[in-house]
Amino acid sequence: IQTFRSRPASASEALSPDVRIAVSRIEKKTAVEDTALALHLRGIATLLAAVAGLLASVLVWLAHRRLGVPLVAAAVVAGVFGASAPLAVYATQVYPEIVAALVVAMGLVGTLGPPPRRTGIVLTTLAVLVLPWLAVKYVPVTAVLAVALLWRLRARRGDAALVGLALMVGASAYVLFHQVVYGGWTPYATGRTFTGGELTVVGRDPDYLGRTPRLFGLWVDRGFGIAA
């Protein structure tokens, strides 16, 4: 198609009618596909913006209702967070981070402030069940939310038992799905990239101590640090 477009009009007219019709159909199909892709990308961008807006609202609510922060101060801080890295960055890219941030924020409803009501318990339980499906790297955060919720319910044995049952069912479904679909504990078990096993995603001989400066660099690195 590109070759046909780059030809002068006289060369295009020299083509047989059947070829010109075929090329015209291909061009129309390509234009339709480009339009559909643009609409899909615009829809995704709109969805991510909506998620970012909802995240800001949840942060304001948490700060005001659960931590006792004045409403104006909570709104200003949430606005600053939403307009700066990393929230503003991930709100414009197709990554699970902004969705995971919203899920974590909703999970904090039942773990902050006064003893949680049933709504807070349900939201935190759902957050714990959903978070690992976004990425396996969120499993530690999931564990912290689960332990925090169960600890707050230690005096309410009935609610704690129901939450524990839901978490066990969810964890079993997660493991079973990954074993059946990916043949391992994580999606990294499939494909040919990590031939030494799914745990080699962190490296075959990782130097964990040597990697610790990266955590500090995420905050103060001149090129990409959040606080730089």
Side-chain angles (χ1 to χ4, degrees), residues 47-48 50-82 86-87 90-91 95-182 184-189 198-199 202 215 218-219 226:
L47 177 61
L48 290 175
V51 170
L54 182 58
L55 171 61
S57 301
V58 174
L59 291 177
V60 172
W61 187 89
L62 283 172
H64 181 61
R65 298 293 298 272
R66 288 291 186 262
L67 302 179
V69 177
L71 182 59
V72 175
V76 171
V77 172
V80 172
F81 280 176
L87 296 183
Y90 283 115
Y95 286 99
E97 272 73 8
I98 194 69
V99 179
L102 175 61
V103 174
V104 172
M106 295 181 68
L108 294 175
V109 173
T111 59
L112 294 177
R117 298 180 179 179
R118 290 293 173 87
T119 302
I121 295 173
V122 171
L123 285 176
T124 302
T125 302
L126 289 176
V128 171
L129 294 175
V130 170
L131 200 55
W133 292 94
L134 295 175
V136 67
K137 61 185 176 182
Y138 299 126
V139 169
V141 181
T142 301
V144 171
L145 287 175
V147 171
L149 179 60
L150 291 174
W151 176 256
R152 301 202 73 191
L153 296 177
R154 62 189 184 278
R156 298 159 59 176
R157 296 184 178 180
D159 292 336
L162 290 175
V163 170
L165 178 61
L167 296 184
M168 285 190 294
V169 173
S172 300
Y174 179 87
V175 172
L176 179 62
F177 176 86
H178 283 74
Q179 288 291 332
V180 172
V181 176
Y182 300 115
W185 300 102
T186 70
Y188 298 114
E198 54 191 316
L199 296 181
V202 297
L215 299 177
L218 290 175
W219 290 95
I226 295 175

Q: Would you please indicate if the ring centroids of Trp133 and Phe177 are separated by under 6.0 Å?
A: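 Yes.
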Given side chains that start at C-beta, do those of [X] and [Y] come closer than 4.5 Å, heavy atoms only?
X	Y	result
Pro115	Leu153	no
Tyr174	Val136	yes
Tyr90	Pro96	no
His64	Val69	no
Ile121	Arg156	yes
Met106	Thr124	no
Leu87	Ile98	yes
Leu149	Val128	no

**Q.** Within 6.0 Å of CZ in Arg66, more than 12 heavy atoms from elsewhere
**A.**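 Check passes, neighbour count above 12.
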Q | Flag if over 12 foreign heavy atoms under 6.0 Å of CZ, Arg154 | A | yes
Roughly how far, to the nearest 0.5 Å, is [atom2] of [Y] from [atom1] of [X]?
X	Y	atom1	atom2	answer
Leu129	Thr142	CG	OG1	9.0 Å
Thr125	Arg118	OG1	CZ	11.0 Å
Leu71	Trp61	CG	CH2	13.0 Å
Trp151	Thr111	CH2	OG1	14.5 Å
Leu176	His178	CG	NE2	11.0 Å
Leu123	Arg117	CG	CZ	13.0 Å

Q: Could you point out which residue of Val144, Val58, Val141 forms a side chain to side chain contact (heavy atoms under 4.5 Å, CB included) with Val104?
A: Val141
Q) Is there a side chain to side chain contact (heavy atoms under 4.5 Å, CB included) between Val77 and Val60 once you walk through the steps? A) CA-CA 8 Å; Val77 172; Val60 172; over 6 Å; no
[X] versus [Y], closest heavy-atom pair with distance:
X	Y	answer
Ala78	Ala56	CB-O, 3.9 Å
Ala52	Ala91	CB-CB, 3.7 Å
Pro132	Val139	CB-CG2, 4.2 Å

Q.
The test is side chain to side chain contact (heavy atoms under 4.5 Å, CB included); show your working for Leu67 and Leu62 and say whether it passes.
A. CA-CA 7 Å; Leu67 302 179; Leu62 283 172; 5.9 Å; no
